[in-house]
Amino acid sequence: MTEPPRRRVPVAAEQSVREERRSFFRWAAILGVIVGIPLGVLGIPPLLNVFFDEPTVPVNGAYSEDGLVMWVESWEVDEANPERVTVTLRVRPTEPSTIDLEGFELELSKGNPILHKGLAEPLVIEAGFEVMMTLNFDLSDAEEGAEPRALRLADPKVRFALTEEDH
């Protein structure tokens, strides 16, 4: 005689264990989302800045990497036109280098940074030559009372502090 096919009958204890596992994973997913979103938005960017932030060169300091030695010679606000800031930057490459003049920006104490509106073509400098660049920034669109804090370069990514308290 052939036996009828057997069916597994779930035991009540086995079903309750499965239900507990499902419940645990549901709560874990909900807590993961609740904790993960604020951590990702608020916690990870400062953590990444610790490891990958641009180096800040203090006042009277020099940046010397990527085949370049750079320093801010001086900066001044034009007395005749207080909305104009002039930053003098010295560059001495140890190997042939290209500097994009569109990559300069002036960081202010409040408001958005001011981009340098320079030449469209990058500046090519041969090794062994020292170049003095005069960068003019127009602060007419800046917030009232905003003062220059730092000069930023996009490539190489570096920040030159213009004031003692900002490095």
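For residues 27-48, the set of pairs meeting the salt bridge (charged side-chain N to carboxylate O under 4.0 Å, His left out) definition, not counting sequence neighbours, is empty.
Taken to the nearest 0.5 Å, the CZ atom of Arg159 stands 4.0 Å off from the CD atom of Glu107. One distance of note links OG1 of Thr98 with CG of Leu68; it measures 9.5 Å at 0.5 Å rounding. The OG1 atom of Thr56 sits 7.0 Å away from atom CZ of Arg152, with the distance rounded to the nearest 0.5 Å. For the atom pair Leu153 CG and Met70 CE, the distance stands at 4.5 Å (nearest 0.5 Å).
Through chains of ILVMFWY side-chain contacts below 4.5 Å, Phe24 is grouped with Phe25. Through direct or indirect side-chain contacts shorter than 4.5 Å among Ile, Leu, Val, Met, Phe, Trp and Tyr, Trp71 is connected to Val69.
Enclosure of atom CG in Asp78 by more than 12 non-hydrogen atoms of other residues, nucleotides or ligands within 6.0 angstrom is indicated.
No side-chain heavy atom of Trp75 sits under 4.5 Å from any side-chain heavy atom of Leu135. Between His116 and Val87 the shortest side-chain heavy-atom distance does not fall below 4.5 Å. Counting heavy atoms from C-beta on, the side chains of Leu139 and Leu106 come closer than 4.5 Å. Under the 4.5 Å side-chain criterion, counting only non-hydrogen atoms from C-beta, Leu108 is not in contact with Glu143.
With sequence neighbours excluded, no residue forms a ring pair (Phe, Tyr, Trp, His ring centres under 6.0 Å) with Phe104. For the side chain to side chain donor-acceptor pair (under 3.5 Å) test, residues two or more places apart in sequence or in another chain that qualify with Ser140 are Asp138. Remark: Asn136 pairs with Arg84, Thr86 by the side chain to side chain donor-acceptor pair (under 3.5 Å) rule, at least two apart or across chains.
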Can you give each donor-acceptor pair under 3.5 Å made by side-chain atoms of residues 124-131, sequence neighbours left out, with the distance rounded to 0.1 Å?
from: Glu130; atom 1: OE1; to: Arg92; atom 2: NE; distance (Å): 3.1
from: Glu130; atom 1: OE1; to: Arg92; atom 2: NH2; distance (Å): 2.9
from: Glu130; atom 1: OE2; to: Arg90; atom 2: NH1; distance (Å): 2.9

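Residues Met133 and Ile114 share a hydrophobic cluster, clusters being chains of Ile/Leu/Val/Met/Phe/Trp/Tyr side chains in contact below 4.5 Å. Cluster annotation: Val85 and Leu115 are assigned to distinct hydrophobic clusters (Ile/Leu/Val/Met/Phe/Trp/Tyr, side-chain heavy-atom contacts under 4.5 Å, transitive).
Minimum interatomic distance between Thr163 and Pro148 (heavy atoms only, all atoms of both residues): CG2-O, 3.9 Å. Nearest heavy atom pair, residue Ala150 against residue Ala161, reads CB-CA, 4.2 Å. Looking at every heavy atom in both residues, Ala146 comes nearest to Lys110 through CB-O, 3.6 Å.
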